[in-house]
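Contents: one structure, followed by commentary.
Keep in mind that the numbers below use all heavy atoms, side chains included, and drop hydrogens, waters and symmetry copies.
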Amino acid sequence: MRLLLIEDDDRIAGPLTEGLGRYGYTVDRVRTGAAGLADAAVSPDLVLLDLGLPDMDGLDVCRSLRARSPIPIIMITARGEEADRVAGLELGADDYMAKPFGVRELVARIRAVTRRTGALPAVPTGPEASSATPAAAPAPRQIGPLQIDRRTRQVRLDAREVALSPREFDLLAYLAQDPGAVHSRQQIMDAVWDPHFFGPTKTLDAHVAALRRKLGDPAWITTARGVGFRLTVPGDPPPEAAR
């Protein structure tokens, strides 16, 4: 699938192009609205459009693209106000993403837009689809009184359900893969957020704090100073003391 990225900021375009490439997308990048309109004439499958372009407003680019083609358009911009989102969608954009965002979320939006517009091949049906063997559901993970069920995305502590946000669950499940092991901040950000996450890493600290609060004891997630975090059962001896 060929994407046209209209983005003048190299700090955004470079990692974004690399990240999308890892998901199998071919990305053609231009820096101006005029170049984007010219390149769109060769019919890419989808356009990723920044609004803050050096030569013209991205809304005008969207208007021009939509006037001549039904090509799917996703706006990616630092303008997060409701009025900007409404204007972009009313001019014909199929989706609108405010920075910061992760590549995985963008890929999910691309897939959703292309499904709606019919740009993706249909899901296989018939013998070739029914012959596929579904993956076995992972068994719930038990760590002391804490149970983590990836299949249902439920967490129980002493048989009491703990309500977590999707990202909090992903963070806890990641740490629970190897209890007691120290996971670096970068490892966690890459696995739970995205290798090309565009945003402050302090978001990790906020999610750790929320998890500690919801689990009722900050000792569940301990800090390895200068490195990262690990999941431990409160009251258990630290790994170095157990050896």
| How far apart are the closest heavy atoms of A210 and E168, and which atoms are they? | CB-OE2, 3.3 Å
| query | Do NZ/NE/NH1/NH2 and the carboxylate oxygens of D9 and R11 come within less than 4.0 Å? | reply | yes
| query | Should L164 and L211 be marked as a side chain to side chain contact (heavy atoms under 4.5 Å, CB included) after you check the CA-CA gap, both sets of side-chain angles, and the distance that decides it? | reply | CA-CA 8 Å; L164 301 180; L211 272 179; 3.8 Å; yes
| Of all residues at least two apart in sequence or in a different chain, which pass the side chain to side chain donor-acceptor pair (under 3.5 Å) check with R109? | D95, E105
| From L51 atom CG to M56 atom CE, the distance as rounded to the nearest 0.5 Å | 11.5 Å
| note | When every non-hydrogen atom of G58 is compared with those of L49, the smallest separation belongs to O-CD2, 3.3 Å
| note | Distance col, row L46:CG vs I73:CD1, nearest 0.5 angstrom, shows 8.5 Å
| How far does CG of L146 sit from CZ of R141, to the nearest 0.5 angstrom? | 10.5 Å
| side chain to side chain contact (heavy atoms under 4.5 Å, CB included) between L175 and W220: does it pass, once the steps are laid out? | CA-CA 10 Å; L175 295 175; W220 273 107; over 6 Å; no
| Shared ILVMFWY cluster between V182 and L172, side chains joined below 4.5 angstrom? | no
| Is any side-chain heavy atom of L5 closer than 4.5 Å to a side-chain heavy atom of L20? | no
| request: Apply side chain to side chain contact (heavy atoms under 4.5 Å, CB included) to I6 and D50, showing your working. | output: CA-CA 6 Å; I6 308 176; D50 183 28; 5.9 Å; no
| task | With the side chain counted from C-beta on, respond yes when E18 and V27 share a heavy-atom pair under 4.5 Å apart, and no when they do not. | result | no
| task | Search all heavy atoms of P44 against all heavy atoms of D39 and return the closest pair with its distance. | result | CD-O, 4.2 Å
| So, does R2 use its side chain to make a donor-acceptor pair with the main chain of D28 at under 3.5 Å? | no
| With hydrophobic residues grouped by side-chain heavy-atom distances under 4.5 Å, do Y23 and I12 end up in a single group? | yes
| H183 side, atom NE2; I188 side, atom CD1 - distance, nearest 0.5 Å | 7.0 Å
| field | Within one Ile-Leu-Val-Met-Phe-Trp-Tyr cluster: I221 and V227, side-chain cutoff 4.5 Å | value | no
| Measuring from T222:OG1 to F229:CZ, what's the distance to the nearest 0.5 Å? | 9.5 Å
| Pair D57 + R63, salt bridge at N-O below 4.0 Å | no
| said: Show the nearest heavy-atom pair for residues R212 and P218, with the distance to one decimal. | reply: NE-O, 3.6 Å
| Does the D55 side chain pair with the main chain of G33, one donor and one acceptor, at a distance under 3.5 Å? | yes
| Is there a donor-acceptor pair under 3.5 Å between the side chain of R66 and the backbone N or O of I71? | yes
| Option passing side chain to side chain contact (heavy atoms under 4.5 Å, CB included) with F169 (candidates V192, V155, D149, V162) | V155
| query | Are any side-chain N or O atoms of S69 and backbone N or O atoms of L65, one a donor and one an acceptor, separated by less than 3.5 Å? | reply | no
| field | Heavy-atom closest contact (G36 atom, L4 atom, distance) | value | O-CD2, 3.6 Å
| query | Do you know which two heavy atoms are closest between D94 and L89, and how far apart they sit? | reply | C-CD2, 4.3 Å
| said: Between R29 and D10 (salt bridge meaning N to carboxylate O under 4.0 Å), is one present in this structure? | reply: yes
| query | Quick check: does any side chain N or O of D217 sit under 3.5 Å from a backbone N or O of A219, one acting as donor and the other as acceptor? | reply | yes
| Going by an N to O cut-off under 4.0 Å, is there a salt bridge joining R185 and D205? | yes
| Heavy-atom check, side chain of I76 versus side chain of L16, under 4.5 Å | yes
| message | Does T17 form a side chain to side chain contact (heavy atoms under 4.5 Å, CB included) with E7? I'd like the steps, not just the answer. | response | CA-CA 11 Å; T17 299; E7 168 65 70; over 6 Å; no
| note | Output for pair (D45 CG, T114 OG1), nearest 0.5 Å, gives 9.0 Å
